[in-house]
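Everything numeric here is computed off the predicted structure, so don't read it as measured data.
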Amino acid sequence: MPKQDYQFPKIWLAVVLGLVWGFPFFVNYFVSKPTVSTLEVTSGVTQFTYSGVVASELVWLFPRVMLLVMIGVLGILQARGLQSYRNPFSYLLLSYLLLVGFATVNARDDDLSAVLLGAESRMDGLLYQVGLILISLFIYRVLRENRQAWPLLLSGLVAGGVVETAVVVLQRLALDPVGPLTRGFMYEAPVGTIGHPGMVAGFMVVVLIGGMGLFLRASGTAPRVLLALALLTVGLGLGLTTNKASVYALIAVLVLWNLLRRERWTLGLSVALLAMVLSAQSLVPNRLEFNRSLADPATGKTRLVIWELALKAATRLPLSPLIGSGPDGFRLALLRHIPPEDLMREYRLEYGWPPEATIREIQTLYEPGDPIRSKAFLVFLDNYKSDTGKQGLIYKVYLDKAHNLLLDRLIAYGLLAVLITVVLYLWPVWRLIRKADALEQSILVALLAAFLYYLFWFPVVQVEPIHMVFVAMAWAMLDKPAAAKPAEEGEAELARV
């Protein structure tokens with residue numbers, strides 16, 4: 001029986017394309033459905049109660065983490081020995097993975113499942129980090145040698161963005177097709193197939209800019225019209241998420257891109273897309289209670305308080321700032337080191353306490369020996385009356401991310417991880433953006449947009465792997481094309497990969 005050639009490039013390219021195109025939609029659609037009971041109240045309004053609701057991790061996160069790990073391990077077969085990892089991109093990612101290992105030990109977490117899988121509702125623990133690094137190395141090697149497939153990859157992402165927009169529109173119209181399949185009833189927000197409006201926006205913003213590169217590269221009226229309609233559709237979906245971080249990032253990079261290109265097609269498409277994004281909420285009726293405005297300052301005020309808490313946490317963690325304390329390090333620091341009075345400043349904004357409300361007393365609900373994450377606070381307020389008529393409110397510590405990539409990396413994996421992250425996202429942009437062609441520029445601009453988006457957000461399992469595809473392509477641009485090398489050097493390069 002002939003030996004199968006696992007190095008056959010078209011097989012691996014097909015695996016990468018299938019992974020990237022399908023990842024946003026890789027959701028567990030076949031979980032067991034909850035039991036739904038109806039209760040007729042006296043006012044004539046029918047209320048629904050649900051029991052046995054499936055944990056969100058099993059719907060949105062666990063399938064994706066397993067997919068990353070599985071294909072990442074397969075990607076090791078594609079590498080031909082250690083020589084496949086002898087490049088700057090691999091050095092950076094493997095160094096980052098080493099820092100993840102140090103931080104995992106330094107976390108001193110009493111919950112082994114949180115160490116391996118990550119905190120509740122995140123699943124960004126050691127297993128995910130290993131899968132992410134392996135898959136990123138695999139994608140980098142394959143796409144570096146298949147640059148001709150980049151337009152096809154971006155075209156598939158644009159098509160995925162159109163499908164994602166269709167789901168978001170249906171959800172805004174209270175016709176959610178995803179919720180009934182995954183949990184038995186509809187979602188109350190435009191979560192798409194990704195699980196959160198802000199995360200959907202993080203996916204759409206890079207897809208939108210990558211699609212602009214396809215538009216500028218296209219020749220002929222028909223392809224450009226088709227691409228323009230697709231991009232306007234994705235812009236509609238992005239606007240419906242009402243995510244400020246992605247919209248502000250989009251505006252910033254489009255201004256920069258237009259200053260670099262100074263070309264009418266770029267300007268015209270930028271104006272049209274921004275107009276669609278900013279007017280999206282008025283174009284599609286809203287039948288949900290999800291009402292947010294891009295001009296609402298509440299989110300910005302909350303972010304400032306969270307960043308202040310994160311900086312305090314970073315100074316009190318063991319071995320900080322050189323070594324982090326794992327992906328849940330921020331929450332552990334809040335539980336162990338930060339006074340609850342400081343935390344309540346964020347809760348005041350997050351839960352909308354009235355301005356006149358004042359804290360009378362805070363009682364800590366925790367017994368020595370209990371799991372640290374079980375700690376809660378009983379807060380008694382003056383000049384405040386809750387919906388239940390009680391003045392005592394119980395709060396657990398769910399705040400686990402600083403909503404800033406650099407602060408989150410600092411707390412989770414240390415200062416060196418911050419430096420590696422900045423280099424991964426910004427070094428190719430700095431080196432190449434002025435001399436790249438339209439398609440390559442779109443990849444670099446999308447990468448810059450992702451970085452700006454992360455200054456007000458944080459990496460998540462559902463979206464970060466897509467952003468790493470753009471990171472991998474950007475670093476692949478730093479390598480000279482094989483055709484430009486001497487013949488013997490090109491042959492050596494092929495043998496190395």
Without swapping roles, check the side chain of [X] against the backbone of [Y] for a donor-acceptor pair under 3.5 Å.
X: W150; Y: M473; value: no
X: T165; Y: T233; value: yes
X: D408; Y: A412; value: no
X: Q462; Y: M199; value: no
X: R141; Y: G75; value: yes
X: R172; Y: V284; value: yes
X: N146; Y: V142; value: yes
X: W307; Y: A402; value: yes
X: E57; Y: F62; value: no
X: N404; Y: L455; value: yes

Quick check with a 6.0 Å cut-off and a 45 degree axis cone: is [X] positioned over the face of [Y]'s six-membered ring?
X: R303; Y: F456; result: no
X: R224; Y: W265; result: yes
X: R287; Y: F290; result: no

Begin with the C-alpha distance, continue with both residues' side-chain angles, and end with the deciding distance and a verdict on ring-ring contact (aromatic ring centres under 6.0 Å, His included) for Y347 and Y395.
CA-CA 9 Å; Y347 283 10; Y395 291 111; 5.0 Å; yes
Taking the six-membered ring for Trp, are Y425 and Y454 parallel (under 30°), tilted (30 to 60°) or perpendicular (over 60°)?
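Geometry flag for Y454 against Y425: perpendicular rings.
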Residue among K401, R122, R373 satisfying salt bridge (Lys or Arg N to Asp or Glu O under 4.0 Å) with D328:
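Of the listed options, the one satisfying the test is R373.
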Around atom OH of Y398, are there more than 12 heavy atoms from other residues, nucleotides or ligands closer than 6.0 Å?
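No.
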Check the surroundings of atom CD in E356: do more than 12 heavy atoms from other residues, nucleotides or ligands lie under 6.0 Å from it?
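Result for CD/E356: enclosed.
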Go through the steps for R409 and E464 under the test salt bridge (charged side-chain N to carboxylate O under 4.0 Å, His left out), then give the verdict.
CA-CA 14 Å; R409 285 284 192 261; E464 187 181 14; 3.1 Å; yes
Test side chain to side chain contact (heavy atoms under 4.5 Å, CB included) on W353 and R348; report intermediate values, then the result.
CA-CA 5 Å; W353 295 359; R348 175 183 292 276; 3.7 Å; yes
Can you tell me how far apart CG (L478) and CG (L432) are? Round to the nearest 0.5 Å.
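The CG atom of L432 is 4.5 Å from CG of L478, to the nearest 0.5 Å.
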Is R147 salt-bridged to E440, going by a charged N under 4.0 Å from an acidic O?
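Salt bridge between R147 and E440, a charged N being under 4.0 Å from a carboxylate O: yes.
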Can we say R183 and E188 salt-bridge, meaning some charged N sits less than 4.0 Å from an Asp/Glu carboxylate O?
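Result for this pair is yes, salt bridge flagged.
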Within the 4.5 Å heavy-atom criterion, are [X] and [Y] side-chain neighbours or not?
X: T182; Y: N28; answer: no
X: L424; Y: L93; answer: yes
X: P465; Y: V469; answer: no

Go through it in stages, so that I can follow the logic: the residues are K396 and F377, the test is side chain to side chain contact (heavy atoms under 4.5 Å, CB included), and I'd like the CA-CA distance, side-chain angles, deciding distance and then a yes or no.
CA-CA 6 Å; K396 295 192 71 174; F377 302 101; over 6 Å; no
How far apart are the C-alpha atoms of V16 and F138, what are their side-chain angles, what is the distance that settles it, and do they pass the side chain to side chain contact (heavy atoms under 4.5 Å, CB included) test?
CA-CA 8 Å; V16 167; F138 172 46; 3.8 Å; yes
Using the ring centroid of each side chain, check whether F451 and H467 are separated by less than 6.0 Å.
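Between F451 and H467, the centre distance exceeds or equals 6.0 Å.
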Apply side chain to side chain contact (heavy atoms under 4.5 Å, CB included) to the pair I194 and F23, showing each step before the final yes or no.
CA-CA 9 Å; I194 294 177; F23 192 78; over 6 Å; no
Quickly, which of W60, F458, Y187, W457 forms a ring pair (Phe, Tyr, Trp, His ring centres under 6.0 Å) with H196? Name it, please.
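Exactly one pass, corresponding to W457.
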